[in-house]
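I have placed the structure first, in the form of structure tokens, so that the comments after it can refer back to it.
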Amino acid sequence: MFTGIIEETGKVISLEPLKGGLEITIESDLTTALEIDDSVSINGACHTVVYTSGNRFTVQSVEETLRKTSVGDLKKGDIVNLEDSLTMQKKLDGHIVQGHVDTTGTIKQIDEEGANWLITVGFDASFAHLLVPRGSIAVDGISLTIARLQTDHFTIAIIPYTWDNTNLHQRKTGDRVNLEFDILGKYVLRALETGHITAEKYIR
């Protein structure tokens with residue numbers, strides 16, 4: 001489990017095919033906090049550390065992860081967002097993020113607005129019911145708030161600190177990003193769909 005508060009960025013050092021999957025080695029200062037079998041979020045996708053050496057660590061992405069995320073788009077030299085897993089001693093500064101990517105979106109527009117940036121992301125409209133205006137969403141593992149919402153795209157406002165300390169400043173129009181919708185909303189919707197709770201029950 002994660003918070004969506006990016007702790008460090010890392011640089012992709014190598015990508016090696018692995019029986020339909022991919023073995024990825026990343027260089028980052030975060031490595032000193034990681035041990036083998038630890039969970040780490042890479043651009044919002046949860047991975048397990050399988051090897052560490054110095055300031056480098058290695059993870060393995062299975063075929064399912066490559067299908068559902070943008071991890072397969074990574075290239076040597078790319079900068080990725082990193083977050084170590086949540087502990088009971090850690091502040092929940094963002095929102096609850098599982099590292100289970102729901103789908104990918106595509107950056108449609110990036111606009112500088114004063115000191116901030118506005119990024120518009122397109123997504124499959126079939127997921128529209130999982131987003132709400134001013135609700136939380138994880139974009140490439142970053143906990144963000146939806147500023148504007150339409151049926152098939154949303155806009156997020158990025159403050160200078162987030163712009164400078166994540167990989168967002170390297171993103172461009174057409175890039176794919178990983179999206180994870182708010183888990184609390186997903187549980188509520190699932191309960192409503194299965195009939196375990198009804199709106200009428202709570203209306204007085």
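In this text, all values refer to a predicted model and were calculated from it rather than measured experimentally.
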Does Phe2 sit in a hydrophobic cluster with other residues, and if so which ones, taking ILVMFWY side chains as linked at heavy-atom separations under 4.5 Å, directly or through other members? Val97
Hydrophobic side-chain clustering at under 4.5 Å (ILVMFWY, transitive links): who's grouped with Ile13? Put none if nobody. none
Of all residues at least two apart in sequence or in a different chain, which pass the salt bridge (Lys or Arg N to Asp or Glu O under 4.0 Å) check with [X]?
| X | answer |
| --- | --- |
| Glu63 | Arg67 |
| Lys19 | none |
| Lys76 | none |

Would you indicate whether the side-chain heavy atoms of [Y] and [X] approach each other to under 4.5 Å?
| X | Y | value |
| --- | --- | --- |
| Val59 | Val40 | yes |
| Phe154 | Thr120 | no |
| Ile96 | Met1 | yes |
| Ile42 | Leu82 | yes |

Starting from the C-alpha separation in whole Å, work towards a yes-or-no answer on side chain to side chain contact (heavy atoms under 4.5 Å, CB included) for Cys46 and Gln98. CA-CA 8 Å; Cys46 182; Gln98 293 186 302; over 6 Å; no
Other residues, nucleotides and ligands only: do more than 12 of their heavy atoms fall within 6.0 Å of NZ on Lys11? no
Ala115 and Pro160: which non-hydrogen atoms are nearest, and at how many Å? O-CG, 3.1 Å
Do [X] and [Y] meet the criterion of a side-chain donor-acceptor pair at a distance under 3.5 Å?
| X | Y | answer |
| --- | --- | --- |
| Asn81 | Glu83 | no |
| His95 | Ser143 | yes |
| Asn55 | Thr31 | no |

Could you pull out all residues at least two apart from [X] that satisfy side chain to side chain donor-acceptor pair (under 3.5 Å)?
| X | result |
| --- | --- |
| Arg134 | none |
| Gln150 | none |
| Glu23 | Gln60 |
| Ser136 | none |

Could you give me the CA-CA distance, side-chain angles and deciding distance for Asp38 and Phe57, then say whether side chain to side chain contact (heavy atoms under 4.5 Å, CB included) is met? CA-CA 11 Å; Asp38 279 356; Phe57 69 92; over 6 Å; no
Verdict with supporting geometry, Ile6 and Asn165, side chain to side chain contact (heavy atoms under 4.5 Å, CB included): CA-CA 8 Å; Ile6 303 305; Asn165 290 277; over 6 Å; no
With sequence neighbours left out, the residues meeting ring-ring contact (aromatic ring centres under 6.0 Å, His included) with Tyr51 are none
Going by the side chain to side chain contact (heavy atoms under 4.5 Å, CB included) test, name the single residue among Val139, Leu74, Ile142 that passes it with Asn43. Leu74
Sequence neighbours left out, what pairs pass salt bridge (charged side-chain N to carboxylate O under 4.0 Å, His left out) with at least one residue falling in residues 157-177? Asp73-Arg176, Asp140-Arg171, Arg171-Asp175, Lys172-Asp175
Would you mind listing every salt bridge (charged side-chain N to carboxylate O under 4.0 Å, His left out) that reaches into residues 52-61, with sequence neighbours excluded? Glu27-Arg56
